[in-house]
Amino acid sequence: MRILVTGGAGFIGSNFVRHAIQNAYAGLEGAEIVVLDALTYSGNPANLEPIADSPRYSFVHGDIRDNELLDRLVPGVDAIVHFAAESHVDRSVRDASIFVETNVVGTQRLLDAAVRHGTERFVHVSTDEVYGSISEGSWTEDHILEPNSPYSASKASSDLLARSYFRTHGLNLSITRCSNNYGRYHFPEKLIPLFVTNLIDNIHVPLYGEGNNVRDWLHVDDHCRGIAMVLTRGRAGETYNIGGGTELTNRELTGMLLEATGKDWSYVDRVQDRLGHDLRYSVDITKISEELGYEPGVPFAEGLADVVRWYRDNRAWWEPLKERAAL
Ligand code: NAD
């Protein structure tokens, strides 16, 4: 099996590629992986270093919006796992253009290429943020889409396009919607790696508003295992929520990060809340659990301790990224 992984040099895509090459996923053993990645600010070849020498892995530097490139790459693959996206909400608040370009137009071009070349299987990786914000209970997959940020609106648009290619063209496609991920190789603009790298360097951290926003934190290993299950056994035309991590307010999470790095609340600066900041996300994972046997595996305390250790030990990975992005 030959799989095209778009955005495979990013945080989550690279986790999927490393595990697939290491034969961690049932049904994907021995698969060849072709990564297509534009290496934007968040794409990083260093994320793929551990498997870079594998004969089953190859890398193509390019853009999912490039039809000519897609016409060269897509005919040779059996499946596409589509991670490539602009992914940071704050950036979408400042300027939404590239979010529409990459997440909407890019997805449409990739879907068209899959139809043109008869790709047998397509997984579109999306987010729980497309559902909006929920104060109580959890979203099932048939909940209406009420995205609140330009990022989540662009992802919701790509989900609708993906669904339409199943209905209109019969593309064998499934959509995954996952909660907030954490883990190694996470770009240091995001909350957990930003706070950890700041705190170990005795730099203050910015907490939005009162810190009451609730997120369901799932280890990236669990997310990628869920994607592999959907790729190999998910039903065409279906959407699968992935989550079941640990729900925490940003204030609770900040307290845990302070403790893990031996700092106190004097290192926390309250900053003006993000515009349109969703209060709470929560996905119901009954469908993927019952149909595919998915359960989250990494306990949050263990996963977080590993992340803090990893950032302490891998300064050479994150320091240049923070410098370049002026974080
Ligand atoms: P990321 O920003 O770390 O990685 C995105 C990757 O896509 C980068 O390697 C980047 O270079 C590449 N890319 C961007 N534009 C491209 C283009 N035009 N052509 C080719 N490659 C391009 O993001 P991530 O956190 O790894 O997220 C990956 C996917 O998972 C996204 O679709 C995101 O919406 C989804 N998701 C993320 C989370 C999360 O918590 N981070 C949760 C649920 C879903």
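Below, all heavy atoms of this structure are taken into account, side chains as well, without hydrogens, waters or symmetry copies. Whatever order the structure lists ligands and atoms in, that order sets their numbers, starting from 1.
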**Q** At less than 4.0 angstrom from any non-hydrogen atom of Tyr151, what atoms of ligand 1 do you find?
**A** 33 (C), 34 (O)
**Q** Atoms of ligand 1 less than 4.0 Å from Leu39 heavy atoms?
**A** 11 (O)
**Q** Show the atoms of ligand 1 that are less than 4.0 angstrom away from any heavy atom in Phe83.
**A** 28 (C), 29 (C), 31 (C), 32 (O)
**Q** Could you tell me which atoms of ligand 1, counted from 1 in the order shown, lie closer than 4.0 angstrom to a heavy atom of Ser87?
**A** 1 (P), 2 (O), 23 (O)
**Q** More than 12 foreign heavy atoms under 6.0 Å from CG of Leu275: is that the case here?
**A** no
**Q** If I apply the N/O under 3.5 Å rule, does His186 come out as touching ligand 1?
**A** no
**Q** Identify the protein heavy atom lying closest to atom 19 (N) of ligand 1, giving its residue, its atom name and the separation to 0.1 Å.
**A** Ile64 N, 3.0 Å
**Q** Do Tyr41 and Arg91 make a side-chain contact, defined as non-hydrogen atoms from C-beta onward lying under 4.5 Å apart?
**A** yes
**Q** In this structure, which one of Asp216, Asp159, Asp128, Asp284 forms a salt bridge (Lys or Arg N to Asp or Glu O under 4.0 Å) with Arg177?
**A** Asp159
**Q** Please verify the inter-ring angle class for Tyr25 with Phe16; under 30° counts as parallel, over 60° as perpendicular, anything in between as tilted.
**A** parallel
**Q** Taking 4.0 Å as the limit for heavy-atom contacts, which would you say applies to Val125 with ligand 1: side chain only, backbone only, both, or neither?
**A** both
**Q** Taking the side chain as C-beta and beyond, is there a heavy-atom pair between His82 and Thr107 under 4.5 Å?
**A** yes
**Q** Is the Tyr165 to Phe122 ring centre distance short of 6.0 Å?
**A** no
**Q** Quick one, Thr176 and His124 - any side-chain contact, counting heavy atoms below 4.5 Å?
**A** no
**Q** Can we call the ring centroids of Tyr182 and His219 under 6.0 Å apart?
**A** yes
**Q** Looking at atom 44 (C) of ligand 1, what's its closest protein heavy atom, distance included?
**A** Ser126 O, 3.1 Å
**Q** Just jot down the ligand 1 atoms closer than 4.0 angstrom to any heavy atom of Asn180, in number order.
**A** 40 (O)
**Q** For atom 5 (C) of ligand 1, what is the nearest protein heavy atom, given as residue, atom name and distance?
**A** Ala85 O, 3.5 Å
**Q** Students should be able to answer this: which protein heavy-atom is nearest to atom 9 (O) of ligand 1, and at what distance?
**A** Asp37 OD2, 2.6 Å
**Q** Please indicate whether Gln272 has more than 12 foreign heavy atoms, meaning atoms of other residues, nucleotides or ligands, lying under 6.0 Å from its CD.
**A** no
**Q** Which ligand 1 atoms are under 4.0 Å away from a heavy-atom of Ser179?
**A** 42 (C), 43 (C)
**Q** Nearest protein heavy-atom contact for atom 4 (O) of ligand 1: which residue, which atom, what distance?
**A** Gly10 CA, 3.4 Å
**Q** Is there side-chain contact between Asn241 and Tyr131, with heavy atoms separated by less than 4.5 Å?
**A** yes
**Q** May I ask whether Gly106 places a heavy atom under 4.0 Å from ligand 1?
**A** no
**Q** Show which atoms of ligand 1 fall inside a sub-4.0 Å distance from at least one heavy-atom site of Gly62.
**A** 19 (N), 20 (C)
**Q** Would a 4.5 Å heavy-atom cut-off, applied to side chains only, mark Arg65 and Glu101 as touching?
**A** yes
**Q** So is Asn44 polar-close to ligand 1, meaning N/O to N/O under 3.5 Å?
**A** no
**Q** Can you list the atoms of ligand 1 that are under 4.0 Å from a heavy atom of Asp63?
**A** 17 (C), 18 (N), 19 (N)
**Q** Considering only non-hydrogen protein atoms, determine which one is nearest to atom 40 (O) of ligand 1 and report residue, atom name and distance to 0.1 Å.
**A** Asn181 N, 2.9 Å
**Q** Looking at Tyr185 versus Trp310, is the centre-to-centre ring distance below 6.0 Å?
**A** yes
**Q** Tell me the contacting part of Ser14 for ligand 1: side chain, backbone, both, or neither, using a 4.0 Å heavy-atom threshold, strictly below.
**A** neither
**Q** So which protein heavy atom does atom 36 (N) of ligand 1 come closest to, and at what separation?
**A** Ile12 CD1, 3.9 Å
**Q** Measure Lys155 to ligand 1 on non-hydrogen atoms and call it side chain, backbone, both or neither using the 4.0 Å cut-off.
**A** side chain
**Q** What protein heavy atom is closest to atom 43 (C) of ligand 1, reported as residue, atom name and distance in Å?
**A** Cys178 O, 3.4 Å
**Q** Between Asn250, Leu253, Leu248, which is the residue that forms a side chain to side chain contact (heavy atoms under 4.5 Å, CB included) with Arg215?
**A** Asn250
